[in-house]
Undergrad: 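Please find one structure pasted underneath; my questions will follow.
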Amino acid sequence: MTTTTPVGSTSTTTDTTKATGPGVDYQAFLKLLVAEMKNQDPTKPMDATQQITQLAQFSSVEQAIQTNTKLDQLLASSSLSQADGIIGRTVTSADGTISGIVESVRIYSDGMIATLKGGAKLPITAGIVVS
């Protein structure tokens with residue numbers, strides 16, 4: 001019974017942390033763990049080994065969420081650096097049909113699009129030439 005108190009107190013400090021993506025998020029995992037502990041049969045308590053395994057899984061989920069957050073921040077920083085590096089430079093599409101000096105770069109979750117002088121837009125993808 002004493003193990004439920006720390007788990008309950010943990011849930012109040014981490015309510016806002018969620019994973020992105022199709023999997024079970026941090027909050028849902030925590031709710032499932034607490035519900036399981038609340039609903040177990042007191043005459044047949046959970047094996048200590050199982051409990052430690054579940055807490056280790058809980059810790060792994062939390063670490064994975066923190067890692068994903070840091071990776072998202074790193075990717076955003078990298079995109080900003082790349083965008084800054086091509087503003088004012090000449091870019092040419094891979095097939096050579098679009099070319100011009102970059103005035104601005106718009107960053108999206110799936111890539112970047114450069115706006116050239118004259119209004120043309122060029123996706124920044126593999127094969128472009130920057131000069």
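These numbers were taken from a predicted model, which means no experiment stands behind them.
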Undergrad: Could you state the interatomic distance from OG (Ser104) to CD1 (Ile86), rounded to the nearest 0.5 Å?
TA: 9.5 Å
Undergrad: For the residue pair Ile98 and Lys121, what are the closest heavy atoms and their distance?
TA: CD1-O, 4.1 Å
Undergrad: Do side-chain atoms of Ser78 reach the backbone of Leu74 as a donor and acceptor pair under 3.5 angstrom?
TA: no
Undergrad: Can you give me the closest heavy-atom contact between Ala94 and Ala126, atom names plus distance?
TA: CB-O, 4.4 Å
Undergrad: Hey, what do you get for CG (Leu75) to CD (Gln82), rounding to the nearest 0.5 Å?
TA: 9.5 Å
Undergrad: Should Ile107 and Met112 count as side-chain neighbours, where that means a heavy-atom distance under 4.5 Å?
TA: yes
Undergrad: Distance from Ile124 atom CD1 to Ile128 atom CD1, nearest 0.5 Å?
TA: 4.0 Å
Undergrad: Do you know the tightest heavy-atom contact between Val105 and Ile87?
TA: CG2-CG1, 4.0 Å
Undergrad: Is Ile113 reachable from Ile101 through a run of I, L, V, M, F, W or Y residues, each pair having side-chain heavy atoms under 4.5 Å apart?
TA: no
Undergrad: Given 3.5 Å as the limit, does a donor-acceptor pair link the side chain of Thr97 with the main chain of Ser93, or not?
TA: no
Undergrad: Could you tell me the separation between the CG atom of Asp110 and the OG1 atom of Thr125, rounded to the nearest 0.5 Å?
TA: 11.5 Å
Undergrad: Work out which heavy atom in Ser99 is nearest to a heavy atom in Leu116; give both atom names and the distance.
TA: C-CD1, 3.9 Å
Undergrad: Counting only N and O atoms by type, is there a donor-acceptor contact under 3.5 Å from the side chain of Ser60 to the main-chain atoms of Ala56?
TA: yes
